[in-house]
Amino acid sequence: MGMSDLVGYRGYEPVIGLEVHCELDTLTKMFCGCPNSFGDAPNTNTCPVCLALPGSLPVVNEKAVELAARIGLALHCEVRSSIFHRKNYFYPDMPKDYQISQYDEPINVNGWLELPASGVRIEIERAHMEEDTGKTTHVGGGGRIHDSSFSLVDYNRAGVPLVEIVSRPDIHSSEQARQYVSELRMLLVSIGASKARMEEGSLRVDANVSVRPEGSGALGTRCEIKNLNSLRSLVRAIEYEIERQVDLVSTGQVVVQQTRHWDEAGGRTIALRSKEEAHDYRYFPEPDLVRLDFDSDRVARIAGALPPTPEQRRARIMSLFDTSTGADLVATIVEMGLDVLVISAIEHGVVPDRALSRTANEAAARVEDALNLDPGTYARLLMMEQDGKLTPTQTKAVLQAMMDSGGEPESIASTMGFEAMEPDAMVSVVTGIVDAHPDEWQRYRDGESKLAQFFVGQVMKATRGKANGKEVIAALDKLKADAL
Amino acid sequence: MRASAGDVSAQVRQGRVSATSITERYLEAIESFDGKLHAFLTVMAGYAVEQATRIDKLVEMGKDPGPLAGVPVAIKDNLCTRGILTTCASRILENWRPPYSATVVKKLERAGAVIVGKTNMDEFAMGSSTENSAFGVTRNPYDADRVPGGSSGGSAAAVASGLSVVALGSDTGGSIRQPAALCGVVGMKPTYGMVSRYGLVAFASSLDQIGPFGTTVEDVALIFSVIAGHDPRDSTSLKVRRDVDTGSLVLAPAGVAASGQEGTADAPDGPMLDEDAYIWPAGHSLLDGAIEGLRIGVLEEITSDAAPDVRRRVEEAAAALVSLGATVEEVSIPELHYALGAYYLIAPAEASSNLARYDGIRYGLRVDAEDVTSMMSRTRSGGFGSEVKRRIMLGTYALSAGYYDAYYGQAQRVRAVLVDAFAAVYRDYDVLIGATTPATAFGVGEKTGDPLAMYLSDVCTIPSNLAGHPAISVPFGAGDDGLPVGVQVLAPALGEPVMFRVAAAIESAARSLPPPPVCFADGMGVQSDMGDGHA
């Protein structure tokens with residue numbers, strides 16, 4: 001919880017709505033066959049359609065529609081037939097000088113997203129499809145358009161499919177805003193709709209912020225903040241903007257409806273344009289495209305193939321435990337995408353606590369490598385440990401090897417010489433160690449039980465980790481009892 | 001006689017005449033006659049000879065170059081031709097060479113046609129006289145002081161004067177049919193969605209449709225059968241098939257083109273994906289069938305206000321159809337009085353958006369300035385002509401916040417009412433006929449100072465665009481001034497087969513119209529009625 005939540009905002013309540021743009025993870029662009037790919041040489045992924053050459057026409061990418069519907073379903077929206085509109089305004093990085101978007105008949109409406117920590121539901125007004133613009137680089141004069149000497153435009157991103165997810169103004173703190181974006185980001189990745197990488201711009205957030213006296217039901221005048229490129233900027237910008245607006249209204253001044261730019265270096269928001277200067281987008285139905293029909297069969301087909309949301313994945317793991325302890329750990333595991341390993345292990349018979357702790361400790365330490373593990377193979381490794389075929393130390397060594405270069409746990413264990421010891425052989429090693437350390441043995445027999453670890457260590461050293469610690473202690477206890 | 005496409009292709013396919021010799025004759029004719037007409041903006045001499053040579057090689061190898069083998073075709077300069085100037089008769093695209101060809105251009109070439117040149121037009125197809133071209137007026141071959149009509153005036157004049165056997169134009173509010181009527185040739189606008197718009201530089205997307213010009217209904221039907229068909233690159237393109245038993249056109253079960261590209265990263269000029277290249281195995285069969293028993297309405301709203309000589313021709317055409325056994329009655333659709341008003345809101349609104357891309361950033365004219373906004377502004381101010389600017393401003397206004405509902409919204413409601421009114425009439429009639437234009441060709445300069453008078457010359461043709469229906473103009477003798485008159489046949493959506501039959505019947509009954517004074521009538525180098533081409 002942020003500092004401001006504790007001290008409040010001088011008697012005012014912030015009201016925040018977020019517009020999240022996510023690029024869909026398709027092979028090709030929204031209206032043409034060009035690759036949807038980040039980081040390629042400028043203007044290499046272009047064609048007559050996405051350069052808006054005269055005579056070219058858009059054709060809707062079916063995969064993009066499916067992913068948009070997935071987002072709607074995962075956000076509990078109504079998914080329905082929709083049409084595209086043209087949003088008209090001139091900008092050099094928008095090739096047609098209009099953007100194909102959705103206006104009053106979007107594909108997804110009326111959903112919600114639950115914040116995992118608090119259970120608060122943020123309502124989703126709509127999640128509609130549109131196309132991305134190109135990217136302009138202003139050269140000279142500090143990189144701003146006004147004083148640059150020239151500008152370069154890269155149209156690789158022009159026409160990349162986007163879904164814009166618009167929340168209702170249900171958010172009341174920067175921390176809630178952070179949780180909302182974080183959970184939404186995870187959801188988009190989880191259902192395979194978007195890579196949702198803020199640092200690459202495949203997830204972008206605009207925040208509408210207003211303030212009102214606590215207890216008031218009316219909405220204050222809002223400002224829209226743009227250029228929020230990380231969760232950190234989102235939180236900082238919202239905090240700054242709340243304070244700015246409270247400063248104004250608490251001293252009898254008014255908030256002017258504006259679009260504002262977050263200045264990361266300066267730590268402040270700067271006015272871009274006011275309501276009077278706002279564009280008249282002259283929306284009208286896109287005549288080059290036909291209605292996107294969505295019948296209940298198609299919705300059901302997409303819903304049936306919808307990968308689980310983070311919410312469902314957390315619930316799934318929690319349902320496999322007896323108690324609700326470890327909720328934070330489970331949330332982390334899900335966020336890392338390692339829950340499939342836990343679930344697979346438990347389904348193969350591994351005790352839940354062991355499945356969770358091996359995953360949270362050893363696998364989570366190397367997330368990228370762990371994500372490449374085959375869940376079934378991982379489960380076999382943990383079962384070998386549970387069945388006593390491998391000691392914990394051996395299990396960890398085999399797991400590291402599997403994350404290094406893949407492979408089957410049985411053959412890796414065998415290569416490493418991790419054959420399980422015959423009980424008689426182990427007992428004879430223990431007897432040998434006891435004979436070699438008469439003083440310690442006497443003290444152990446006299447009740448200095450912590451010396452058990454000393455003997456286990458010696459046995460491990462002698463067997464190069466092959467022995468099972470618990471079995472060594474059992475053997476020690478048996479020797480002790482026999483000697484009485 | 002001017003050559004027909006059917007004859008040319010038959011002779012070329014049989015190896016009696018080479019495509020190269022035909023092409024060269026037409027190129028020479030354009031060279032000698034077009035100075036008087038200015039029908040062409042670009043003559044594709046080298047390219048045409050290359051195409052013709054390719055076709056002759058196919059014939060030599062015993063292969064069939066297609067139903068348009070060696071047929072010279074002129075195409076309107078708003079159709080993209082790869083590597084060849086495509087200007088839309090505008091300064092803003094004066095030097096633009098597209099990196100791709102329109103679907104119709106590919107289809108023509110695949111059928112063996114030889115594209116000889118790009119024709120003059122009103123800038124961005126906005127106009128009814130071809131006087132709005134940034135590159136000079138086209139003259140009517142029947143009278144050089146008269147306009148050829150527009151906006152496809154260059155294509156109409158080229159076919160009328162025999163400088164091309166057939167041609168393509170585009171029709172947004174009558175831009176094929178009106179110049180066809182004024183130049184005494186056949187011109188047809190297909191059902192919206194029958195012909196792919198991919199590569200047609202957009203004027204008003206929901207109204208634009210490409211269609212053919214020819215000297216006969218048969219030629220026009222032949223070209224139509226080649227260029228029609230579904231194109232996956234145009235989402236508004238219809239999936240239509242021809243019912244073998246009835247000969248009528250029916251929508252394929254999938255209906256309107258569904259969405260569907262992903263992973264099909266084919267090159268812009270890659271292979272076309274349309275499986276059924278031709279809806280008709282041969283265009284000729286489109287004209288088969290009797291007129292007897294057809295119910296035909298003479299549409300009052302496009303006829304009664306026409307000049308008396310034009311009206312008389314429509315009446316004569318109606319009488320001829322009666323004599324062939326059709327039932328002909330007068331019919332009225334009062335809602336059509338609102339068509340012109342609705343059209344001049346919808347078309348400019350769409351145009352204002354379609355023409356936004358000419359901003360000087362990526363292609364075409366750029367007038368440099370101190371910043372990007374002034375650069376765009378100066379480019380557009382300098383690049384567009386006054387009629388284009390007028391329509392951009394009209395359309396921008398019609399879509400503005402606070403005005404949308406009263407203008408654009410209302411116009412769309414009128415459009416829906418018109419569609420319903422047509423549907424009601426087509427329950428009782430198979431086709432409708434009427435005038436194509438209110439009068440014969442007007443004088444050059446006569447209406448340039450009065451935009452509204454100019455707009456009114458499209459009053460008979462606009463309804464079919466708003467409804468998305470097919471319509472054709474057939475020459476029917478001359479008016480009192482000796483200039484050509486066109487009779488229009490209107491049909492419901494997908495009604496092309498019956499429309500062509502009625503058009504062919506009207507054509508056969510028409511008083512003959514002498515070829516124009518400026519005419520090349522010796523296309524195949526065979527004996528010709530017209531000798532050197534001067535009547």
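In the text below, chain A, chain B and the rest are named by the order of the sequence lines, each starting its count at 1.
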With sequence neighbours left out, the residues meeting side-chain contact (heavy atoms from CB on, under 4.5 Å) with B:Arg378 are B:Val367, B:Ala369, B:Glu370
Please look at A:Phe150 and chain B and tell me whether the side chain, the backbone, both or neither of the residue comes under 4.5 angstrom of a heavy atom of that chain. neither
For [X] versus [Y], what's the shortest heavy-atom pair and its separation?
{"X": "B:Tyr408", "Y": "A:Pro285", "result": "CE2-CD, 4.2 Å"}
{"X": "B:Met376", "Y": "A:Tyr91", "result": "CE-C, 4.1 Å"}
{"X": "A:Pro92", "Y": "B:Val372", "result": "CG-CG2, 3.6 Å"}
{"X": "B:Ala349", "Y": "A:Phe284", "result": "O-CZ, 4.4 Å"}
{"X": "A:Gly55", "Y": "B:Tyr100", "result": "C-OH, 3.0 Å"}
{"X": "B:Asp234", "Y": "A:Val59", "result": "N-CG2, 4.4 Å"}

Measure the spacing between OG1 of A:Thr46 and CZ of B:Arg362 and express it to the nearest 0.5 Å. 11.5 Å
Between [options], the one whose heavy-atom pairs under 4.5 Å with chain A are most numerous:
{"options": "B:Gly402, B:Pro98, B:Gly199", "answer": "B:Gly199"}
{"options": "B:Thr86, B:Leu79, B:Val201", "answer": "B:Val201"}
{"options": "B:Ser205, B:Ser353, B:Ser196, B:Cys80", "answer": "B:Ser353"}

Which portion of [X] sits near chain A, non-hydrogen atoms under 4.5 angstrom:
{"X": "B:Ala102", "answer": "neither"}
{"X": "B:Phe203", "answer": "neither"}
{"X": "B:Leu355", "answer": "neither"}
{"X": "B:Ile361", "answer": "side chain"}

Before you tell me yes or no, could you show the steps for A:Val49 and B:Tyr198 under side chain to side chain contact (heavy atoms under 4.5 Å, CB included), namely the whole-Å CA-CA distance, both residues' side-chain angles and the distance that decides it to 0.1 Å? CA-CA 10 Å; A:Val49 176; B:Tyr198 193 78; 3.8 Å; yes
More than 12 heavy atoms of other groups within 6.0 Å of [X] [atom1]:
{"X": "B:Tyr363", "atom1": "OH", "value": "yes"}
{"X": "A:Tyr103", "atom1": "OH", "value": "no"}
{"X": "B:Tyr403", "atom1": "OH", "value": "no"}

Any side-chain donor-acceptor pair under 3.5 Å between A:Arg86 and B:Asn354? yes
What do the steps show when you test B:Arg357 against A:Ser56 for side chain to side chain contact (heavy atoms under 4.5 Å, CB included), and what is the final call? CA-CA 12 Å; B:Arg357 66 188 62 188; A:Ser56 63; 4.1 Å; yes
Kindly indicate whether the side chain of B:Tyr404, heavy atoms from C-beta on, has any atom under 4.5 Å from the side chain of A:Arg282. no
Specify which of A:Val153, A:Asn88, A:Asp288 makes the most heavy-atom pairs with chain B at under 4.5 Å. A:Asp288
Check: B:Ala401 main-chain N/O paired with A:Asp280 side-chain donor or acceptor under 3.5 Å: yes
